[in-house]
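What follows is one structure encoded as structure tokens, with my remarks underneath.
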2 protein chains.
Amino acid sequence: MPEVPPPAPTGDALLKVLSALGNPHRMRIIAALTENRNYVSALAREIGMGRPLLHMHLQRLEAAGLVVGTLELAEDGKAMKYFEVTPFFYELTPHTITRAAATITEKADPAERADRTAKEEAK
Amino acid sequence: MPEVPPPAPTGDALLKVLSALGNPHRMRIIAALTENRNYVSALAREIGMGRPLLHMHLQRLEAAGLVVGTLELAEDGKAMKYFEVTPFFYELTPHTITRAAATITEKADPAERADRTAKEEAK
DNA sequence: GAGATGTGTCAGAAATCTTTGACAGGTGCG
DNA sequence: CGCACCTGTCAAAGATTTCTGACACATCTC
């Protein structure tokens, strides 16, 4: 079975991944969860961070598709949300960035082209 | 000549790269400069963005080591700063992130906040 | 000199992201 | 019931990032 090359991610998706990973706390969260999956409260204690804050970071990572959380019921009936990292893979080169940049649906686009060229000096 | 495997970047370096790339404008700047090098003012017109703003973005990209700028004197004597992308290559996987996370010198580190650790064992 | 080009920087507004503390559930146990 | 866990959300404060409009300086051309 030949290794299939990773599909090119859309600009917005890659943007989410990069901004999600570009944060020391979230990087550490990925590191902690890579070693072994864990539930929110325990993870919060492990890396010394408040639950609400960790919750938000996990949400950001999950939105980027880097981790997944599943709500499981323990034997004693308590509900705990376990998080684990997804086996992601991204290659960052000028080429991949260029390719991704072409498909960005951020703000501003419909009304803009070659009209605001010599506008700043015109005062 | 065998291809040398890319060296593992330090946590702080990777952090800079990721947060630099995790921005739509900077991604487009990389895309534009990948096609051909350019000087600040022309690039600003090309992607429709104010010079001061572009200047700041280029600074961020250069600090991350993704682009380099060289001040050159044109034939007519005008000084123009040409920017071009560096052939960077980063592999993003749970493993590389974990490895990088171990070497982060961001805020909080000198004194590990391990004070409420006695309670978590009470499971 | 005026005008067009290039460079750079600065201060403050605007928009975002990060962080904290309080609250509102739920379960099982002594 | 009260305590010890778990889950989640919210509002407001705090810290950063992003963006804009001046400003200053240089060169070449008219």
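Chain naming here is simple, since letters A, B, ... match the order of the sequence lines and numbering starts at 1 in each.
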(request) Using only side-chain N and O atoms of Lys81(B), determine if any of them is under 4.0 Å from OP1 or OP2 of dG6(C). (result) no
(request) Would you kindly give the CE-to-P distance between Met80(B) and dC28(D), to the nearest whole Å? (result) 13 Å
(request) Please answer whether the main-chain N or O of Glu91(B) pairs with a side-chain N or O of Thr96(B) as donor and acceptor at a distance below 3.5 Å. (result) yes
Collect all protein-nucleotide pairs involving nucleotides 18-24 of chain C in which both atoms are nitrogen or oxygen and the distance is under 3.5 Å.
unit_1  : atom_1 : unit_2   : atom_2 : d
dT18(C) : OP1    : Asn23(A) : ND2    : 3.0
dT18(C) : OP1    : Arg26(A) : NH1    : 3.4
dT18(C) : OP1    : Arg26(A) : NH2    : 2.9
dT18(C) : OP2    : Arg26(A) : NH1    : 3.4
dT18(C) : OP2    : Arg60(A) : NE     : 3.3
dT19(C) : OP2    : His25(A) : ND1    : 3.3
dT19(C) : OP2    : His57(A) : NE2    : 3.0

(message) Using whole Å, what does the distance between atom C1' of nucleotide dT5(C) and atom CG of Leu73(B) come to?
(response) 14 Å
(request) Return the value, rounded to whole Å, for the distance between atom CD1 of Ile47(B) and atom P of dC19(D). (result) 11 Å
Less than 3.5 Å apart, which donor and acceptor atoms pair up between the side chains of residues 65-77 of chain B and the rest of the protein, not counting sequence neighbours?
unit_1   : atom_1 : unit_2   : atom_2 : d
Thr70(B) : OG1    : Glu72(B) : OE2    : 3.2
Glu72(B) : OE1    : Arg37(B) : NH2    : 3.2
Glu72(B) : OE2    : Arg37(B) : NH1    : 3.4
Glu72(B) : OE2    : Arg37(B) : NH2    : 3.0
Asp76(B) : OD1    : Lys78(B) : N      : 3.3

(request) Please state how far atom CG in Leu15(B) lies from atom C1' in dT17(D), giving the value in whole angstrom units. (result) 15 Å
(request) Sequence neighbours left out, what passes side chain to side chain contact (heavy atoms under 4.5 Å, CB included) with Asn23(A)? Give chain and number order. (result) His25(A), Arg26(A), His57(A)
(request) May I have the distance from Glu62(B) (atom CD) to dG8(C) (atom C1'), rounded to whole angstrom? (result) 14 Å
(message) It should be established whether Tyr39(A) places a side-chain nitrogen or oxygen under 4.0 Å from OP1 or OP2 of nucleotide dT7(D).
(response) no
(message) Is Arg45(B) close enough to dT5(C) that one of its side-chain N or O atoms is under 4.0 Å from OP1 or OP2 there?
(response) no
(request) Report yes if the side chains of Leu18(B) and Leu92(B) come closer than 4.5 Å at any heavy-atom pair, otherwise no. (result) yes
(message) Other members of the hydrophobic cluster containing Tyr39(B), with the 4.5 Å side-chain heavy-atom rule, please.
(response) Met80(B), Tyr82(B)
(message) Let me spell it out: for each of His55(A) and Lys78(A), pick the nucleotide of DNA chain D with the closest heavy atom. Which residue's pick is nearer the 5' end?
(response) Lys78(A)
(message) In this structure, how many angstroms lie between the C1' atom of dT7(C) and the CZ atom of Phe83(B), rounded?
(response) 11 Å
(message) So, using side chain to side chain contact (heavy atoms under 4.5 Å, CB included) as the criterion, who are the partners of Glu35(B) when residues are at least two apart?
(response) Thr98(A)
(request) Please report, rounded to the nearest Å, how far the P atom of dG6(C) is from the OH atom of Tyr82(B). (result) 10 Å
(message) Checking Lys16(A) now: which residues fulfil side chain to side chain contact (heavy atoms under 4.5 Å, CB included) with it, not counting sequence neighbours?
(response) Ala64(A)
(request) Rounded to the nearest angstrom, tell me the gap between atom CG in Asn38(A) and atom P in dC6(D). (result) 10 Å
(request) Nearest-nucleotide wise, let me know which of Gly77(A) and Ser41(B) is further upstream toward the 5' end of DNA chain C. (result) Ser41(B)
